[in-house]
Number of protein chains: 2
Amino acid sequence: MAETPDTSPDAPDVQNAEIDCYCPLGGVMDLLSRQYAMQVTCVVGAIGPARYGEIEETFGEVSSSTLSTRLDNLVEAGLLSREQYNEIPPRVEYELTETGEELRERLDPLLEWAEEQDDCD
Amino acid sequence: MAETPDTSPDAPDVQNAEIDCYCPLGGVMDLLSRQYAMQVTCVVGAIGPARYGEIEETFGEVSSSTLSTRLDNLVEAGLLSREQYNEIPPRVEYELTETGEELRERLDPLLEWAEEQDDCD
DNA sequence: CAGAATCCATTCGGATACTG
DNA sequence: CAGTATCCGAATGGATTCTG
């Protein structure tokens, strides 16, 4: 346990930095830490209304269960919308919600940078 | 929004757009997907030369083994530098490398946004 | 086509205890 | 102080199979 003398209710100054709240971050960051979560978000953002197969292709090596789970998570979190058309053959389209779009804007620079680092091309 | 391709090829034919490079991303993104990795990066960036204890305090609930592992990973990846002073008591300082700094710049907007989403206060 | 359901190997991360 | 070492339960992600 943190030996927190109840004399200082406030956070111990971490050297006057502007770190006001690097708190838990359970929610979103937790989700984004799941494999492919960030990539899926950016991919969907990049290709707009994206069908399952398209997303799958983009990754190539992901298993359907994993990708499916991730898409679910993102939909649950309100970052993606899922529209299902009951046609034959069935068609489903994922799209960024507004929140998802906000996220993607912040994610894109990161992923692009990451690609450079990993010597992608 | 971001770019202004004067010699832009043409409409975003996503099918064959430049997003064909949302490739593996094994390296950096894989590391960043480990718990606390992004947060640690930002925290170290925020408080500059950071001692182990300081980082630990910032999180409060992380176990030493986990944090230690994460720091190791980040050092290995060349994102953090680790300077050890053989004094008594021992002192170790972590700092962002230049690469780490590049990362942090891209990470900060993300974390700040994430905090808002999670309704931190 | 777009998954849901299962099963399972692996990994991760937390707790605990112990050093230089 | 700043970790490392170890053990172990929990969670994750992959393969496979099946379905509307």
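Note on naming: letters A, B, ... go to the chains in the order of the sequence lines (proteins, then strands), and numbering restarts at 1 for each one. The figures here come from the full heavy-atom set of this structure, side chains too, leaving out hydrogens, waters and symmetry mates. Since the model is a prediction, treat every value here as computed from it, not as a measurement.
The phosphate of C:dG3 (OP1 or OP2) has a side-chain N or O of A:Tyr94 nearer than 4.0 angstrom. One finds a side-chain N or O of B:Arg51 lying less than 4.0 angstrom from the OP1 or OP2 phosphate oxygen of D:dA2. Neither OP1 nor OP2 of C:dG13 sits under 4.0 Å from any side-chain N or O of B:Arg34.
Summarising the geometry, the separation between CZ on A:Arg82 and C1' on C:dA2 is reported as 8 Å, rounded to the nearest angstrom. Rounded to a whole Å, the CG atom of B:Asp72 is 14 Å from the P atom of C:dC12. If you measure from atom CG of B:Asn73 to atom C1' of D:dT4, you get 14 Å, rounded to the nearest angstrom. Spacing between atom CG of B:Leu31 and atom C1' of C:dT11 amounts to 15 Å, rounded to whole angstrom units. In this structure, the CG atom of A:Leu67 is 16 Å from the P atom of C:dA5, given to the nearest Å. Rounded to whole angstrom, the span from the CZ atom of B:Arg70 across to the P atom of C:dT11 amounts to 15 Å. Atom OH of A:Tyr52 and atom P of D:dG20 are 18 Å apart (whole Å). One can place CD of B:Gln84 at 8 Å from C1' of D:dA2, the figure rounded to the nearest angstrom.
A:Tyr85 comes within 4.0 angstrom of no nucleic acid atom, judged by non-hydrogen atoms across all strands. The residue B:Thr66 sits close to a base: some heavy atom pair falls under 4.0 Å.
Salt bridge B:Arg104/B:Glu102: absent, no basic N to carboxylate O contact under 4.0 Å. Ion pairing between B:Arg51 and B:Glu54 fails under the 4.0 Å rule for side-chain N and carboxylate O.
Checked against the 6.0 Å centroid criterion, the rings of B:Tyr94 and B:Tyr52 do not qualify as a close aromatic pair.
Both B:Thr69 and A:Pro89 sit near DNA chain C, but only A:Pro89 has its closest nucleotide nearer the 5' end. Of the two residues near DNA chain D, A:Val62 and A:Pro90, the one whose nearest nucleotide lies more 5' is A:Val62. DNA chain D is contacted by both A:Ser64 and A:Gln35; A:Gln35 maps to the nucleotide lying nearer its 5′ end (nearest heavy atom per residue).
Judged by distance alone, with hydrogens and angles left aside, B:Ser68 brings no side-chain donor or acceptor close enough to the base of D:dA2 to form a pair under 3.5 Å. Put simply, the side chain of A:Ser65 and the base of C:dT6 share no donor and acceptor less than 3.5 Å apart.
A:Ser63 and A:Thr66 form a side-chain donor-acceptor contact under 3.5 Å, judged by distance and modelled atom types alone.
Here the options are B:Leu31, B:Leu80, B:Leu111, B:Leu103, the test is side-chain contact (heavy atoms from CB on, under 4.5 Å), and the partner is B:Thr41; only B:Leu103 passes.
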